[in-house]
K.L.:
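Mind having a look at this structure? Questions to follow.
Heavy-atom basis, side chains included; hydrogens, waters and symmetry copies ignored. Residues take their numbers from the sequence shown, with the count starting at 1. Predicted model only: the values in this text are computed from it and were never measured.
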Amino acid sequence: NKAMSIQFQSQNFQHILRMCNTNVDGRQKVMYALTAIKGIGRRFSNIICKKCDIDLDKRAGELTTDEINKVVAVISNPLQFKIPAWMLNRQRDIKDGKTSQKYAN
């Protein structure tokens, strides 16, 4: 099947990335690859990519180490990157009343 055989130009292509205790498939587009992390859906991963200025057509395996670190930073504290509170999945937590994003168990 010729349509399935994609030529990867970059030399340092990673087929599997490790982000937030999760194996992320490097062959998928960045936005969809991030949804492998529990607690991150398509809408949230789209906003993550936009905040990190990552091209949505890029494959996850093509990300540089800096970009991966930036993505993890945005995931771990989304409110600091001006992601609105209503996008987050843990609003006004019962125990401490804080709004946060729960991800990767």
K.L.:
Taking all atoms of both residues into account, what is the closest heavy-atom pair of V30 and D55, and its distance?
P.N.:
CG2-O, 4.4 Å
K.L.:
Rounded at 0.5 Å granularity, tell me how far CD in E67 sits from SG in C49.
P.N.:
9.5 Å
K.L.:
Would you say N69 and T65 make side-chain contact, with heavy atoms under 4.5 Å?
P.N.:
yes
K.L.:
Knowing that exactly one of L34, V71, I68 qualifies, which makes a side chain to side chain contact (heavy atoms under 4.5 Å, CB included) with I54?
P.N.:
V71
K.L.:
Answer whether the closest heavy-atom distance between the side chains of K51 and K82 falls below 4.5 Å.
P.N.:
yes
K.L.:
Locate the shortest heavy-atom distance separating F44 from P78; write the atom from each residue and the value.
P.N.:
CZ-CB, 4.0 Å
K.L.:
For the hydrophobic clusters of this structure (ILVMFWY residues joined by side-chain heavy atoms under 4.5 Å, transitively), does one cluster hold both I37 and I48?
P.N.:
yes
K.L.:
What pair of heavy atoms forms the shortest contact from A36 to N23, and how long is it?
P.N.:
CB-O, 4.3 Å
K.L.:
If you define the side chain from C-beta out and look only at heavy atoms, does anything of K29 sit under 4.5 Å from L56?
P.N.:
no
K.L.:
Calculate, to the nearest 0.5 Å, the distance between atoms CD1 and CD1 belonging to I83 and I75 respectively.
P.N.:
9.0 Å
K.L.:
Say whether F81 and M31 are linked into one hydrophobic cluster, either directly or through other cluster members, by side-chain heavy-atom distances under 4.5 angstrom.
P.N.:
no
